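Inspection log for the structure reproduced underneath, given as structure tokens.
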Protein chains: 2
Amino acid sequence: MTERAAAGARPYRGKDIDQRRAERRARLLDAALELFTSTGYQHAGIARICTLAGVSTRNFYEEFSGKEAVLCELHERINAVAMERVTAVLDEAREQEPAGRIRVLIDAFLSGVTADPRVPRLAYVEAVGVSPALERQHRRWVERWASYIASEAERVAAYGQAPSRDYRLTALGLVGAITELLRAWQAGSSSCSVSEIAEEIRELMLDAIIRRPAP
Amino acid sequence: MTERAAAGARPYRGKDIDQRRAERRARLLDAALELFTSTGYQHAGIARICTLAGVSTRNFYEEFSGKEAVLCELHERINAVAMERVTAVLDEAREQEPAGRIRVLIDAFLSGVTADPRVPRLAYVEAVGVSPALERQHRRWVERWASYIASEAERVAAYGQAPSRDYRLTALGLVGAITELLRAWQAGSSSCSVSEIAEEIRELMLDAIIRRPAP
DNA sequence: ATATTTTGAAAATTGTTGTTACCACTCTAC
DNA sequence: GTAGAGTGGTAACAACAATTTTCAAAATAT
């Protein structure tokens, strides 16, 4: 009897079943990212996604419950990757003075997220106003980013370079500023460069946090 | 012969034909605003909009080319009304010193736009990522608001309270900050009050514009 | 080699939605 | 009152998209 065939052990075309599924999933996510950001989420049909990914619709529904699930996963993944990158880089910069850490944070985030213009497009345009579930997910991430920025601000305060206060709303506003600048960058072919945006955000953020006393 | 019946002269139910059309149009826009912000733009059917407005689908297509046209007009109208209000109030405050004008600007904008939570919801959530046309329209308005803020900043600079520089990117970021705070306000039942938001935006904006020299 | 699993493509199903056409009714003009 | 324009509701239509199912071919294990 073939008892050890219990779960996904049988190779096919040289690859494990789990591996094949993972690859199809990856290809579907790639294709969806491409179509969602070119034709738009609404007008991107599942059939076209599957064609582009070289996957049948049957396999699509094997991996995802529907189109929105794909969008959710892309959104989640984009944010998670960016957050991971930022925390990793900031862990390295443990020695730096707080104001320098903020520079590092922004550079890491921006360079990561602007490497592929489709990324900000998906996260800040296509994934907006799709469903209550996605809206909640977005809100969670915004809160998370804001908390992160706020904790950095508190670090600056503890260092004595900024007043000790509640930074939650300030951080929320800064997240919005970053979002809008990236949305503009992604939309306009040549309105502004990434380095200009980085510079602007740095100034905006340091001014808002340090809030130097009036002369 | 009834020759003067050329165009919409015949009254009906006591009202002119143009007037009736205008009223239907207004009721349709109201109903659409309600449904777009409750069930979401996507899942709001034209039939339901018409029912809520007390208008037949035939009349709907007499007024609008489709659902998206309604959303466009709502978006345009919301921005136009807000802009008109702000410019009017700011015209009044011609005498004030530039920094005071910014306070006036923010208060006027926020009090106008938060009077009905559906307004920020439609402008900053539902109208996002719908179509290239709407995205362009949104972009135009963002640019317009940013220009407006930038010109106020230049006024502060001319007054000698801020450096004379290019404020375009700063203004764009500030628009984003306002947008995000309103989006959060509109989403969370009780996360933050309008006055807290107003206070935060005031500080954010003044810090960004005045950019007081480092100690 | 044969039975079995896995696969991709396409057909069938199902449901929705935008859009147009129709109809009985109301209101005005004469 | 009657003719005729204007009205709101409903039903019919067409188009499209999502999801499920079927089917035969390809690949593997024994």
Side-chain angles (χ1 to χ4, degrees), chain A residues 1-28 31-32 35-36 39-72 130-131 133, chain B residues 1-28 30-32 35-36 39-72 130-131 133-134:
Chain A
M1 294 178 244
T2 61
E3 283 158 3
R4 77 215 179 298
R10 183 179 189 179
Y12 200 86
R13 256 191 114 173
K15 280 158 186 174
D16 199 329
I17 185 169
D18 302 334
Q19 197 178 343
R20 271 174 288 140
R21 286 192 54 165
E23 285 176 4
R24 263 176 288 173
R25 184 168 253 268
R27 263 180 300 154
L28 280 170
L35 284 179
F36 287 170
T39 78
Y41 171 70
Q42 307 302 333
H43 303 94
I46 289 183
R48 245 182 270 175
I49 297 174
C50 292
T51 306
L52 185 59
V55 168
S56 72
T57 58
R58 179 157 62 97
N59 286 334
F60 176 89
Y61 287 103
E62 222 166 270
E63 298 300 323
F64 300 100
S65 63
K67 198 166 66 160
E68 190 180 317
V70 183
L71 183 61
C72 277
V130 170
S131 75
Chain B
M1 293 174 248
T2 62
E3 282 158 0
R4 78 223 178 294
R10 183 176 189 179
Y12 201 86
R13 256 190 114 173
K15 281 157 184 170
D16 199 331
I17 184 167
D18 301 335
Q19 197 178 345
R20 269 173 289 140
R21 285 191 57 164
E23 285 175 4
R24 263 176 285 171
R25 184 166 253 266
R27 263 180 300 154
L28 280 170
D30 275 356
L35 284 179
F36 287 170
T39 77
Y41 171 71
Q42 306 302 330
H43 302 93
I46 289 184
R48 245 182 267 174
I49 296 174
C50 293
T51 306
L52 186 59
V55 167
S56 72
T57 57
R58 180 157 62 95
N59 286 333
F60 177 89
Y61 287 105
E62 221 167 271
E63 298 300 323
F64 300 101
S65 64
K67 197 166 64 159
E68 190 180 315
V70 183
L71 183 61
C72 276
V130 170
S131 76
L134 237 176

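No hydrogens, no waters, no symmetry mates; every other heavy atom, side chains included, goes into these values. Chain letters run A, B, ... following the sequence lines, proteins first, then strands; residues in each count from 1. Just so we're clear, the structure is a prediction, and the values are computed from it rather than from any experiment.
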Does [X] have any side chain to side chain contact (heavy atoms under 4.5 Å, CB included) partners at least two apart in sequence or in another chain, and if so, which?
X	answer
A:Ala69	A:Phe64, A:Ser65
A:Ala133	A:Glu68, A:Ser131, A:Arg136
A:Gln42	B:Gln42
B:Ala53	B:Arg27, B:Leu28, B:Ala31, B:Val55

Using atom [atom1] of [X] as one end and atom [atom2] of [N] as the other, report the distance to the nearest whole Å.
X	N	atom1	atom2	value
B:Gln42	C:dT16	CD	C1'	14 Å
A:Arg48	C:dA9	CZ	P	17 Å
B:Lys67	C:dT17	NZ	C1'	8 Å
B:Glu23	D:dG8	CD	P	11 Å
A:Glu62	D:dA18	CD	P	19 Å
A:Arg20	D:dA27	CZ	P	12 Å
B:Ile46	C:dT20	CD1	C1'	12 Å
B:Gln19	D:dT7	CD	P	13 Å

Shortest non-hydrogen contact between B:Ile49 and B:Ala32, atoms and distance: CG2-N, 4.0 Å
Looking only at C:dG18, C:dG8, D:dG8, the nucleotide nearest the A:Arg24 side chain is C:dG8
Between D:dT7, C:dT7, D:dT20, which one does the side chain of A:Tyr61 approach most closely? D:dT20
Toward the 5' end of DNA chain C, which comes first, A:Gly54 or B:Phe60, by nearest nucleotide? A:Gly54
Quick one, B:Glu62 and B:Asn59 - any side-chain contact, counting heavy atoms below 4.5 Å? yes
Please produce a list of atom pairs where a protein N or O lies less than 3.5 Å from an N or O of nucleotides 10-16 of chain D.
unit_1, atom_1, unit_2, atom_2, d
D:dT10, O4, B:Thr57, OG1, 3.4

Sorted by chain and residue number, the side-chain hydrogen bond (donor to acceptor under 3.5 Å, both in side chains) partners of B:Arg48 (sequence neighbours excluded) come out as none
